[in-house]
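Take a look at the structure set out below.
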Amino acid sequence: MSATTSISLAVADAVWVEIKSEGRASDEHLSILETLFGKNMLRACKIVDEHGVRRVTGAPSGRSLFLVMGESKRKEEYLCFPEHLCTCYSFFYDIVGRGEQLCCKHQLAARLAEAVGEHQEIQVTDEELAHMLAKL
């Protein structure tokens with residue numbers, strides 16, 4: 001990881017912490033994130049505005065993942081761990097394969113929705129959560 005990438009991620013992490021502590025994203029927060037993530041941040045905001053983020057939590061473990069809606073007409077849903085992985089094509093092509101982006105719009109949408117409390121909560125058993133993960 002380059003020094004520039006590390007600094008960008010550290011700045012983004014600090015902004016996410018501020019948003020979560022304030023419970024809202026200010027114009028300044030969104031401007032910083034847009035500078036760091038470009039068009040993906042704008043697309044993430046659209047997904048959050050359209051209530052396209054759900055957090056699925058397993059019981060009794062408390063482990064969770066996010067399901068994030070895509071923007072295409074098919075409205076596919078991607079399994080997402082905001083800081084680590086998304087099952088969308090862009091994650092594997094642009095981030096893992098080419099290293100051109102820091103994260104995809106679905107990861108950003110999940111982080112934003114969680115930080116401002118704009119996601120649906122779904123409770124499942126740990127077994128059901130394991131079945132979701134087995135489909136990866």
Side-chain angles (χ1 to χ4, degrees):
M1 183 180 309
S2 74
T4 303
T5 299
S6 295
I7 291 168
S8 295
L9 290 173
V11 169
D13 285 342
V15 172
W16 292 123
V17 167
E18 275 188 31
I19 292 171
K20 193 165 190 169
S21 72
E22 294 175 16
R24 64 183 272 302
S26 68
D27 289 343
E28 182 180 355
H29 291 138
L30 294 174
S31 177
I32 293 167
L33 293 172
E34 184 182 349
T35 299
L36 294 171
F37 301 112
K39 65 183 178 207
N40 277 348
M41 191 64 215
L42 297 174
R43 291 176 174 157
C45 289
K46 182 179 179 205
I47 292 169
V48 173
D49 288 345
E50 294 174 354
H51 307 287
V53 180
R54 300 186 296 159
R55 180 168 53 194
V56 181
T57 303
S61 71
R63 292 181 178 101
S64 64
L65 57 84
F66 286 85
L67 296 174
V68 182
M69 293 298 290
E71 288 184 294
S72 74
K73 290 180 180 170
R74 292 189 312 257
K75 292 294 182 192
E76 61 278 321
E77 204 167 39
Y78 299 104
L79 195 137
C80 185
F81 294 94
E83 296 179 40
H84 304 289
L85 171 84
C86 182
T87 57
C88 74
Y89 177 79
S90 178
F91 181 84
F92 291 100
Y93 185 72
D94 295 329
I95 298 161
V96 175
R98 296 180 6 194
E100 291 183 353
Q101 298 178 31
L102 297 173
C103 56
C104 71
K105 64 188 171 196
H106 309 106
Q107 290 174 290
L108 293 169
R111 287 197 82 175
L112 180 60
E114 181 179 36
V116 299
E118 288 291 327
H119 59 280
Q120 290 180 305
E121 290 281 355
I122 299 172
Q123 298 290 322
V124 298
T125 65
D126 284 332
E127 185 177 340
E128 290 170 310
L129 191 63
H131 284 294
M132 292 174 80
L133 292 169
K135 294 177 184 176
L136 289 176

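Below, each value reflects all heavy atoms present in this structure, side chains not excepted, and no hydrogens, waters or symmetry copies.
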Given 3.5 Å as the limit, does a donor-acceptor pair link the side chain of Glu118 with the main chain of Ala113, or not? no

Examine distances only and state if a side-chain atom of Thr35 and a backbone atom of Ser31 form a donor-acceptor pair shorter than 3.5 Å. yes

Does Glu22 reach the main-chain N or O of Ile19 with its side chain, forming a donor-acceptor pair under 3.5 Å? no

Between His51 and Gln120, do the side chains contain an N or O donor and an N or O acceptor separated by less than 3.5 Å? no

Leu67 vs Tyr78 side-chain heavy atoms within contact, under 4.5 Å: no

How many angstroms lie between atom CG of Leu133 and atom CD of Glu128, to the nearest 0.5 angstrom? 12.0 Å

Enclosure of Phe92 CZ (heavy-atom neighbours >12, cutoff 6.0 Å): yes

Indicate, with yes or no, if Met69 and Ile122 share a hydrophobic cluster defined by side-chain heavy-atom contacts under 4.5 Å among Ile, Leu, Val, Met, Phe, Trp and Tyr. no

Give a yes or no answer on whether the side chain of Thr125 reaches the backbone of Ala59 with a donor-acceptor pair at less than 3.5 Å. no

Using the side chain to side chain contact (heavy atoms under 4.5 Å, CB included) criterion, which residues pair with Asp49? Sequence neighbours excluded. none

Hey, any chance Val15 and Val17 share a hydrophobic cluster, counting ILVMFWY side chains that come within less than 4.5 Å of each other, even indirectly? no

Working to the nearest 0.5 Å, report the span between CD of Glu127 and OG of Ser61. 12.5 Å

Find out whether Ser8 and Leu102 are in side-chain contact, i.e. whether some heavy atom of one side chain is under 4.5 Å from a heavy atom of the other. yes

Which distance, rounded to the nearest 0.5 Å, do you find between the OH of Tyr89 and the CD of Glu76? 13.5 Å

Could you tell me the separation between the CZ atom of Arg55 and the CD atom of Gln123, rounded to the nearest 0.5 Å? 9.0 Å

At what distance, to the nearest 0.5 angstrom, does CH2 of Trp16 lie from CG of Leu108? 5.5 Å

Would you find a donor on one side and an acceptor on the other, under 3.5 Å apart, between the side chain of His29 and the backbone of Ser26? yes

Stepwise salt bridge (Lys or Arg N to Asp or Glu O under 4.0 Å) test for Asp13 and Arg111: CA-CA 10 Å; Asp13 285 342; Arg111 287 197 82 175; 3.3 Å; yes

Going through the distances and angles, do Glu77 and Arg54 end up as a salt bridge (Lys or Arg N to Asp or Glu O under 4.0 Å)? CA-CA 10 Å; Glu77 204 167 39; Arg54 300 186 296 159; 2.7 Å; yes

For residues Thr57 and Glu121, report the shortest heavy-atom separation together with the two atoms involved. OG1-OE1, 4.0 Å

Quick one: closest heavy-atom pair of Cys86 and Gln107, and the distance? CB-CG, 4.0 Å

Shortest non-hydrogen contact between Val48 and Ala109, atoms and distance: CG2-O, 3.4 Å

What's the spacing between Cys88 SG and Lys105 NZ if we round to 0.5 Å? 7.5 Å

Does the side chain of Val53 reach to within under 4.5 Å of the side chain of Phe66, using non-hydrogen atoms? yes

Below 3.5 Å, can you tabulate the donor-acceptor pairs from side chains in residues 36-47 to any protein atom, sequence neighbours excluded?
| unit_1 | atom_1 | unit_2 | atom_2 | d |
| --- | --- | --- | --- | --- |
| Asn40 | ND2 | Gln101 | OE1 | 2.3 |
| Asn40 | ND2 | Cys103 | O | 3.3 |

Please lay out, stage by stage, how Leu129 and Val56 fare under the test side chain to side chain contact (heavy atoms under 4.5 Å, CB included). CA-CA 8 Å; Leu129 191 63; Val56 181; 4.0 Å; yes

Sequence neighbours excluded, which residues qualify as salt bridge (charged side-chain N to carboxylate O under 4.0 Å, His left out) partners of Glu28? none

